[in-house]
Amino acid sequence: MKFATRAIHAGQEPDPATGAIMTPIYQTSTYVQESPGKHKGYAYARGKNPTRVALEKCIASLENAKHALCFSSGQGAEDTIMKLLRPGDEVVATDDLYGGSYRMFTKVFAHYGIVFHFVNMQDAQDIRKHINSKTKLLWVETPTNPLMKIIDVRACASIAKESGLMLVVDNTFASPYLQNPLDLGATMVMHSATKYLGGHSDVVMGAVCTNDEKIYEELAFITNSCGPVPGPMDSFLVLRGLKTLHVRMQAHCKNGKEIAHFLRQHPRIAKVHWPGFEDHPNHAIAKSQMRDFGGMISFTMKGDSMEEAFRMASSTKVFSLAESLGGVESLIGHPASMTHASIPKAEREKSGVSDSLIRLSVGIEDVEDLIGDLKQALDVK
Ligand SMILES: *Cc1c(COP(=O)(O)O)cnc(C)c1O
């Protein structure tokens with residue numbers, strides 16, 4: 001079946017007890033057993049919960065995966081993936097990375113003896129220089145956050161394959177509607193379901209999908225052992241959000257495109273980062289691995305002043321100044337002081353996140369109102 005049908009139906013059957021069309025919120029921690037060890041597959045809710053199972057099946061279906069696991073947050077998902085590694089193992093990761101991922105890698109897992117290399121992967125062949133006998137995993141984010149760089153997932157998959165590495169793609173920015181990394185050769189795809197999957201800024205959740213049985217078993221074992229599972233209410237909210245993922249993404253893409261072009265011709269704007277521009281450095285790769293270009297845009301203003309960026313980001317009325325992305329409402333953010341504040345300034349600037357960079361998560365409001373809002377905010381001097 002095609003995407004929209006799966007988004008609405010996959011993993012979901014009418015409730016066997018009542019016929020309820022919506023998956024019930026199974027707010028329970030445990031399940032009654034017939035005799036010790038004899039039960040219907042559910043023993044304790046850290047291991048399994050029916051609302052969560054329905055959600056996992058739906059996300060797996062949208063990522064063309066055999067298996068999905070859901071987590072209490074995107075970071076909970078990443079933490080579980082990192083626990084597949086052992087002290088001494090090495091990871092090569094995209095340099096333009098979600099700030100929280102960078103913080104977890106360098107401030108938590110580095111202490112457990114895991115070594116990280118941060119590489120500009122715009123030319124995927126550069127990854128090879130950082131691979132050695134200890135390398136176990138490639139961590140790729142594409143489009144990258146916040147510079148909207150595009151990494152060639154097929155090229156990364158072939159490098160991973162020839163060196164026997166796992167390839168993880170953080171697919172949060174694209175969502176499965178725009179990009180399916182497992183189809184391009186990734187071992188695992190990871191989501192902050194907080195963003196486009198949930199889509200309404202009312203829940204924090206993470207997900208990992210894979211077609212590899214062994215990796216799935218190990219991730220499920222770590223999850224059940226360590227416990228970063230989402231609750232049934234949150235699982236219900238994301239399951240409901242998924243039902244409109246395709247319609248929301250179409251609207252995000254349409255508005256994103258108009259706003260990217262509006263910003264590009266504005267006299268106060270220096271540079272707009274959006275993979276849909278034909279002169280984006282990896283536009284051809286974006287076209288070959290994404291179905292459209294999404295609603296995430298970043299830009300710098302002429303003069304590159306932090307003060308002016310602050311003024312602009314504080315002057316919008318429809319765009320709300322907030323962390324996060326992927327909800328129906330438009331958000332504006334200043335990465336250097338918000339989402340990426342945990343990355344040291346020198347490291348940040350090396351990868352191109354300057355003090356005047358502003359990031360937009362374009363929502364699905366009327367685009368005339370969004371453009372009008374940006375226009376008036378750019379006029380504030
Ligand atoms: C938000 C985000 C995360 C972390 O997810 P949480 O749900 O906030 O824990 C990871 N990667 C990307 C790209 C994100 O935007």
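Along the sequence shown, residues are numbered consecutively beginning with 1. Computed from a predicted model, the values in this text were never measured in an experiment. Counting starts at 1 for both ligands and their atoms, in listed order. Values reported hereafter were calculated over all heavy atoms of this structure, with side chains retained and with hydrogens, waters and symmetry mates removed.
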> Only one of H280, H283, H273 forms a ring-ring contact (aromatic ring centres under 6.0 Å, His included) with F293, so which one is it?
Replying inline: H283
> So, for W139 and F116, is the gap between ring centers shorter than 6.0 Å?
Replying inline: no
>> Under 4.0 Å from a heavy atom of G74: which atoms of ligand 1 are those, numbered in the order shown and with their elements?
In response: 5 (O), 6 (P), 7 (O), 9 (O)
>> Among all protein heavy atoms in this structure, tell me which lies nearest to atom 4 (C) of ligand 1, with the distance rounded to 0.1 Å.
In response: Q75 OE1, 3.2 Å
> Are the charged groups of D292 and K254 less than 4.0 angstrom apart, N to O?
Replying inline: no
>> Tell me whether L325 has any N or O atom under 3.5 angstrom from an N or O of ligand 1.
In response: no
> At what distance is the nearest protein heavy atom to atom 2 (C) of ligand 1, and which residue and atom is it?
Replying inline: K195 NZ, 2.6 Å
>> With a 4.5 Å cut-off on side-chain heavy atoms, are V328 and R248 touching?
In response: yes
> Can you check whether Y102 and F118 have ring centres sitting under 6.0 Å from each other?
Replying inline: yes
> For S330 and E365, does a side-chain donor sit closer than 3.5 Å to a side-chain acceptor?
Replying inline: yes
> Heavy-atom distance to atom 5 (O) of ligand 1: which of A207, G198, S192 wins?
Replying inline: S192
> Hey, does L97 sit under 4.0 Å from ligand 1 if you only count heavy atoms?
Replying inline: no
> Less than 4.0 Å between a side-chain N and a carboxylate O, is that true for E349 and K345?
Replying inline: yes
>> Give me the nearest non-hydrogen protein atom to atom 11 (N) of ligand 1 as residue plus atom name, then the distance to 0.1 Å.
In response: D170 OD2, 2.7 Å
>> Quick check: T194 and ligand 1, any N/O pair under 3.5 Å apart?
In response: yes
> Hey, which atoms in ligand 1 end up nearer than 4.0 Å to a heavy atom of E78?
Replying inline: 10 (C), 11 (N)
